[in-house]
Amino acid sequence: MSVSGFKFTLGLGITGVVSGFSANQPNIVFIMCDDMGYGDLGCYGQPYISTPNIDSLASRGIRFTQAYSGSPVSAPSRASLMTGQHTGHTLVRGNKEFWRGTDTIMYGINKEYAVAGQYPYDPDRVIIPEILKDNGYTTGLFGKWAGGYENSVSTPEKRGFDRFFGYICQFQAHLYYPNFLNRYNQEKGDTATVRILLEDNINYPMFGEDYAKRSQYSGDMIHNEALEWIGSLSGEKPFAAFLTYTLPHAELYQPNDSILQYYKNKFTEDFDWKGQEMSRYNATQHVHAQFAGMITRLDSYVGEIVDLLREKGLEENTIIVFTSDNGPHEEGGADPIFFGRDGKLKGLKRQCYEGGIRIPFIVSWKGVTEEGVDEDRQIAFYDVMPTICDLLGVDLESQYDATGSDGISFLPTLKGEKQPEREFLYWEFHETDQIGVRKGDWKMVVVKGEPRLYNLAEDIGETTDVASSNPEIVADLISIIYREHTPSELFHITLPQPPSR
């Protein structure tokens, strides 16, 4: 594999031949990275970072230009994806942690929390992997879970996954050279998700100069497990692989190989981040090179996944999706302004402005999706479940005794068929006390109860609040908020004043 003049090889290179199965049961490879902004890929206009494999995926399929995450941060965004609900309805609406205040244990010279993870998904609400498994799919998750803490009611093996390797807890995922990872693999005797000790890491401290002596890099480890699992599948059943890579989330730290060296040579006027008190992230050198290298490394992972599908004869009947869980961050010294990571979009991670929630979203389905299509249909993470249900002929209410999804299937769009536009999109996020509503080109962001209105057709950067001159639009969008918001004891939000009668 070659990127911009340098070569590198990752993964296991497994090959094989598999038999086919019904065309209405395609394999699904859903690749979701972490904190990648709308403008971080070459195919979305990024001028500095090389992403040939993802760009090629876009050229062979559909590049959505108005796709949205479920939330401006990780755990609720993933919850929206998995449950098919927006964050006015779904149980998990924020990054509520379970490690705070728990007992600690030692890993070598390092102290770790005895319990790790986030607030669990509602066990009474069906999620995507459970639907897939019920419909004959083999399912695997490789990367970050963030859908429940260890030994809770919502861990991967309890929620429809046959195989898991990565991080149960997104707090643990802040380190790329962690003390342990998590695994569920029945072939290795696991009856539940367990911790896997990283023996080459634990004898060096989590922070400080000696951290660089750690050698077990989670990015490669997780990716290689995904390659091994896909490579081992017989093809007798369709499979769904959820590859929830943590790149390019901070910390800005990775192997010092040809990828990183390329960007060190490219960004000769780079800078170092000295760290900050109480941060989970280590200080890092060559900030711009580190960030760019992480995205190119991720791109190489995508390339190897696609190559493996081809080698196994699976590409013809596999839907490949690439996306990000939310907008870009400034954590660990990251510098989104330098990369122009959202182009003209306002806001970052943790904000309901476009920069925090508009994301890259690419779908390639050989023989079904047209090649090189730019699609401006508005979609959101909570559309994925109804799309999969549509694909499989599943009705949530009748088959799972569950209320339907907040989303709309975009399967007709993937097939090149016409479908009606949606009425609105909705988000809420308690940490910054923000609500977002989009209806057509109108976008409202409510900050601590104060509504701000923007016309995205004329003001994609959300620079000019036009609420005072459009009271009827404001009233209409506020009425949507009151209709869609279900109060939560866990995640409080300030509603705007109700529209006048």
Is Asp325 reaching over with its side chain to a backbone N or O of Asp35, donor-acceptor style, under 3.5 angstrom?
yes

How far apart are the closest heavy atoms of Leu41 and Pro360, and which atoms are they?
CD1-CB, 3.9 Å

Give me the atom names and distance for the closest heavy-atom approach of Val447 to Gln434.
CG2-CG, 4.2 Å

Atom OG1 of Thr323 and atom CZ of Phe30: how far apart are they, to the nearest 0.5 Å?
6.0 Å

Kindly assign one of parallel, tilted or perpendicular to the pair Phe339 and Phe291, based on the angle between their ring planes and the thresholds 30° and 60°.
tilted

Parallel, tilted or perpendicular: rings of Tyr211 and Tyr177 (30°, 60°)
perpendicular

Is the closest basic N to carboxylate O distance between Lys264 and Asp270 below 4.0 Å?
no

Interatomic distance, Thr83 atom OG1 to Asp406 atom CG [nearest 0.5 angstrom]
8.0 Å

Under 4.0 Å between a Lys/Arg side-chain N and an Asp/Glu carboxylate O for Arg159 and Glu130?
yes

Just how far is it from atom NZ of Lys96 to atom CZ of Phe98, taken to the nearest 0.5 Å?
6.0 Å

Fit a plane to each ring of Trp427 and Tyr68, take the angle between them on a 0 to 90° scale, and name the class: parallel (under 30°), tilted (30 to 60°) or perpendicular (over 60°).
tilted

Name the orientation class of the two ring planes belonging to Tyr119 and Phe491 (parallel below 30°, tilted from 30 to 60°, perpendicular beyond 60°).
perpendicular

Donor-acceptor pair, distance only, cut-off 3.5 Å: does the side chain of Asn326 make one with the backbone of Ile357?
no

Can a side-chain donor-acceptor contact be found between Thr51 and Asp55 if the only test is distance below 3.5 angstrom?
yes

Main-chain N/O of Ser77 paired to Thr87 side chain as donor or acceptor, under 3.5 Å:
no

Counterpart residues, ring-ring contact (aromatic ring centres under 6.0 Å, His included), relative to Phe381 (two or more places apart)
none

Polar contact flag, side-chain donor to acceptor under 3.5 angstrom, Asn53-Asp299:
yes

Can a side-chain donor-acceptor contact be found between Gln118 and Arg78 if the only test is distance below 3.5 angstrom?
no

Hey, mind stepping through Phe271 and His288 against ring-ring contact (aromatic ring centres under 6.0 Å, His included) and telling me if it holds?
CA-CA 7 Å; Phe271 72 98; His288 293 154; 5.1 Å; yes

Crowded around Asp374 CG? As in, over 12 foreign heavy atoms under 6.0 Å?
yes

Nearest 0.5 Å, what's the CG-CE distance between Asp34 and Met294?
9.0 Å

Going by the angle between their ring planes, with limits at 30° and 60°, are Tyr245 and Tyr301 parallel, tilted or perpendicular?
tilted

Shortest non-hydrogen pair, Ile168 vs Asn182, comes out as N-OD1, 3.0 Å

State whether Asp257 and Arg297 are salt-bridged, where the test is any N-O pair (Lys NZ or Arg NE/NH1/NH2 against Asp/Glu carboxylate O) under 4.0 Å.
yes

Write down the atom of Arg214, the atom of Ile202, and the distance for their closest heavy-atom approach.
NH2-CA, 4.4 Å

Salt bridge flag under 4.0 Å for residues Lys443 and Glu462
yes

I would like to know whether Thr463 and Asp459 meet side chain to side chain donor-acceptor pair (under 3.5 Å); could you show each step before the answer?
CA-CA 7 Å; Thr463 60; Asp459 182 20; 2.8 Å; yes

Hey, what do you get for OH (Tyr176) to CG (Leu252), rounding to the nearest 0.5 Å?
8.0 Å

Summary of salt bridge (Lys or Arg N to Asp or Glu O under 4.0 Å) pairs that have at least one residue in residues 194-204, sequence neighbours excluded:
Glu150-Arg195

On a heavy-atom basis, the closest approach of Ser59 and Ser56 is OG-O, 2.7 Å

Please determine, by modelled atom types, if Tyr167 and Ser218 share a side-chain donor-acceptor pair under 3.5 angstrom.
yes

Contact check, side chains of Ile481 and Met444, non-hydrogen atoms, under 4.5 Å:
yes

Would you check if the distance from the ring center of Tyr48 to the ring center of Phe338 is below 6.0 Å?
yes

Cation-aromatic face contact Arg163/Tyr184, 6.0 Å, 45 degrees
no

Please check this pair: side chain of Asn201 against backbone of Phe180, looking for a donor-acceptor N/O pair closer than 3.5 Å.
no

Within the 3.5 Å criterion, strictly below it, is a donor on Asp433 or Thr494 matched to an acceptor on the partner's side chain?
yes

Any donor-acceptor pair under 3.5 Å linking the side chain of Thr138 with the backbone of Phe239?
no

Write down the atom of Ser279, the atom of Phe207, and the distance for their closest heavy-atom approach.
O-CE2, 4.0 Å

Could you tell me whether the side chain of Ile362 reaches within less than 4.5 Å of the side chain of Tyr44, counting heavy atoms only?
yes

Among side-chain atoms of Asn179 and Glu112, is any donor-acceptor pair under 3.5 angstrom?
yes

Are the side chains of Pro156 and Thr193 in touch, meaning some heavy atoms are under 4.5 Å apart?
yes

Indicate yes or no: at least one non-hydrogen side-chain atom of Phe322 is less than 4.5 angstrom from one of Leu298.
yes

Trp145 vs Phe165, test: ring-ring contact (aromatic ring centres under 6.0 Å, His included). Steps then yes/no.
CA-CA 9 Å; Trp145 170 237; Phe165 188 78; over 10 Å; no

Check Arg350 with Glu331, please: is the shortest side-chain N to carboxylate O separation under 4.0 Å?
yes

Pi-cation contact, Phe64 with Arg377 (under 6.0 Å, within 45°):
no

Just checking, is any N or O donor in the side chain of Ser324 or Tyr38 under 3.5 Å from an acceptor N or O on the other one?
no

Expected output: side-chain Thr155 to main-chain Asn151 donor-acceptor under 3.5 Å:
no

Are Trp229 and Phe142 close enough that their ring centres sit under 6.0 Å apart?
yes

Say you draw a straight line from CD1 of Ile230 to CG of Leu309; how long is it, rounded to the nearest 0.5 Å?
6.0 Å

Beyond-backbone contact of Leu132 with Ile388, side-chain heavy atoms, under 4.5 angstrom:
yes

Salt-bridge present (Arg452, Asp465; N to O < 4.0 Å)
no

Verify the ring-centre separation between His174 and Tyr281: is it less than 6.0 angstrom?
yes

Any luck finding a side-chain donor-acceptor pair between Ser74 and Lys144 under 3.5 Å?
yes

With sequence neighbours excluded, what pairs up with His485 under the side-chain contact (heavy atoms from CB on, under 4.5 Å) test?
Arg93, Tyr426, Glu428, Pro487, Ile493, Leu495

